[in-house]
Amino acid sequence: MVLKEVAGAMKKALRRGDYIGRYGGEEFLVVLSYPTLENAGVCADRIRKTIERLDIPFNGHVLNVTVSIGSTIYCPEETLDQVLARADQALYMAKKQEKNRVVGIEEQN
């Protein structure tokens with residue numbers, strides 16, 4: 001139920017043409033059509049704040065959740081596995097530094 005609420009809130013925070021899907025466990029993958037990491041970071045922070053404000057009713061209580069978000073930019077010469085590995089690295093940096101935050105990593109040279 002919590003994952004459905006979070007996914008719905010994330011979807012509402014996205015633009016037409018952006019995509020979201022469950023990537024595994026409690027992880028989601030969002031594909032944005034933003035040209036820079038900075039622009040993607042603004043969207044990711046909007047998603048983070050949207051989730052932070054959710055009040056999810058459950059068994060007579062209200063649940064509040066937060067998210068950690070890792071972001072990166074796809075480069076045409078890369079494989080999808082390389083991009084996903086970098087996004088995963090950014091996600092774990094966000095979780096390690098302090099939860100409820102966004103960390104972006106520029107493309108590798």
Side-chain angles (χ1 to χ4, degrees):
M1 180 189 79
V2 172
L3 290 175
K4 285 182 181 181
E5 290 287 331
V6 168
M10 290 173 68
K11 187 174 181 179
K12 288 178 185 175
L14 297 176
R15 304 175 309 170
R16 180 180 294 198
D18 295 334
Y19 300 93
I20 180 173
R22 189 163 172 200
Y23 190 62
E26 298 174 347
E27 294 182 353
F28 292 90
L29 181 65
V30 178
V31 178
L32 305 171
S33 57
Y34 292 94
T36 68
L37 186 61
E38 182 178 346
N39 294 133
V42 169
C43 179
D45 202 49
R46 183 174 62 244
I47 290 169
R48 183 193 63 76
K49 289 176 181 174
T50 298
I51 302 306
E52 181 181 60
R53 290 189 297 261
L54 277 180
D55 290 329
I56 303 170
F58 180 75
N59 269 354
H61 300 282
V62 175
L63 302 177
N64 298 107
V65 297
T66 61
V67 294
S68 299
I69 300 174
S71 65
T72 195
I73 296 291
Y74 169 73
C75 297
E77 66 276 359
E78 293 182 301
T79 66
L80 183 57
D81 286 340
Q82 289 171 313
V83 177
L84 291 175
R86 192 168 53 253
D88 198 47
Q89 179 185 5
L91 170 63
Y92 284 98
M93 287 173 64
K95 288 180 177 182
K96 184 177 179 183
Q97 289 178 17
E98 178 183 330
K99 294 184 182 195
N100 196 32
R101 70 177 304 126
V102 175
V103 171
I105 298 177
E106 287 286 343
E107 65 271 10
Q108 303 296 314
N109 295 323

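Given the structure is predicted, the values throughout are model-derived calculations rather than measurements.
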Visitor: Quick one: salt bridge (Lys or Arg N to Asp or Glu O under 4.0 Å) pairs with a partner in residues 88-97, sequence neighbours left out?
Guide: none
Visitor: Using a 3.5 Å cut-off and no angle test, enumerate the donor-acceptor pairs between side-chain atoms of residues 16-25 and protein atoms at least two apart in sequence or in another chain.
Guide:
unit_1	atom_1	unit_2	atom_2	d
Asp18	OD1	Ser33	N	3.2
Asp18	OD1	Ser33	OG	3.4
Asp18	OD2	Arg15	N	3.2
Asp18	OD2	Arg15	NE	3.3
Arg22	NE	Gly25	O	2.9
Arg22	NH2	Gly25	O	2.8

Visitor: Under 3.5 Å, which donor-acceptor pairs do the side chains of residues 54-65 form with other protein atoms, sequence neighbours left out?
Guide:
unit_1	atom_1	unit_2	atom_2	d
Asp55	OD1	Asn64	ND2	2.8
Asn64	ND2	Leu54	O	2.9

Visitor: Rounded to the nearest 0.5 Å, what's the gap from CD on Gln89 to CG on Leu84? Could you check?
Guide: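 Here the interatomic distance stands at 13.0 Å.
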Visitor: Between CE of Met93 and OG of Ser68, what distance do you get to the nearest 0.5 Å?
Guide: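 Reported value, rounded in 0.5 Å steps: 12.5 Å.
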Visitor: State whether the side chain of Thr72 and the backbone N or O of Ile105 hold a donor-acceptor pair below 3.5 Å, judged by distance alone.
Guide: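 Yes, because the side chain of Thr72 sits within donor-acceptor range (under 3.5 Å) of the backbone of Ile105.
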Visitor: One pair to check against side chain to side chain contact (heavy atoms under 4.5 Å, CB included): Arg101 and Thr66. What are the steps and the verdict?
Guide: CA-CA 9 Å; Arg101 70 177 304 126; Thr66 61; over 6 Å; no
Visitor: With sequence neighbours left out, what residues match Arg53 under salt bridge (charged side-chain N to carboxylate O under 4.0 Å, His left out)?
Guide: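 Expected list: none.
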Visitor: Does Glu26 CD have over 12 foreign heavy atoms under 6.0 Å away?
Guide: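 Counting other residues, nucleotides and ligands, CD of Glu26 stays at 12 neighbours or fewer.
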Visitor: Can you see which heavy atom on Ile47 is nearest to which on Ala13, and at what distance?
Guide: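 Scanning both residues completely, I find the closest heavy atoms to be CG1-CB, 3.9 Å.
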Visitor: Could you go through the side chain to side chain donor-acceptor pair (under 3.5 Å) check for Arg86 and Gln82 one step at a time?
Guide: CA-CA 6 Å; Arg86 192 168 53 253; Gln82 289 171 313; over 6 Å; no
Visitor: What residues, two or more places apart in sequence or in another chain, satisfy salt bridge (charged side-chain N to carboxylate O under 4.0 Å, His left out) together with Glu52?
Guide: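 Glu52: salt bridge (charged side-chain N to carboxylate O under 4.0 Å, His left out) contacts with Arg48.
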Visitor: Show, in sequence, the C-alpha distance, side-chain angles and deciding distance for Lys12 and Thr50, and conclude whether the side chain to side chain contact (heavy atoms under 4.5 Å, CB included) test is met.
Guide: CA-CA 9 Å; Lys12 288 178 185 175; Thr50 298; over 6 Å; no
Visitor: Might you work through the side chain to side chain contact (heavy atoms under 4.5 Å, CB included) test for Leu37 and Ser71, ending with a clear yes or no?
Guide: CA-CA 7 Å; Leu37 186 61; Ser71 65; 3.6 Å; yes
Visitor: Do you know the tightest heavy-atom contact between Ala40 and Tyr34?
Guide: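 Minimum heavy-atom contact is N-CB, 4.0 Å.
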Visitor: If you measure from CD on Glu27 to CD1 on Ile69, what distance do you get to the nearest 0.5 Å?
Guide: 12.0 Å
Visitor: Side-chain heavy atoms nearer than 4.5 Å, only ILVMFWY residues, links allowed to pass through others: does that put Val102 and Met10 together?
Guide: yes
Visitor: Test side chain to side chain contact (heavy atoms under 4.5 Å, CB included) on Val67 and Phe28 and set out the steps.
Guide: CA-CA 10 Å; Val67 294; Phe28 292 90; over 6 Å; no
Visitor: Would you please name every residue forming a salt bridge (charged side-chain N to carboxylate O under 4.0 Å, His left out) with Lys11, sequence neighbours left out?
Guide: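 By the salt bridge (charged side-chain N to carboxylate O under 4.0 Å, His left out) rule, Lys11 matches no residue at all.
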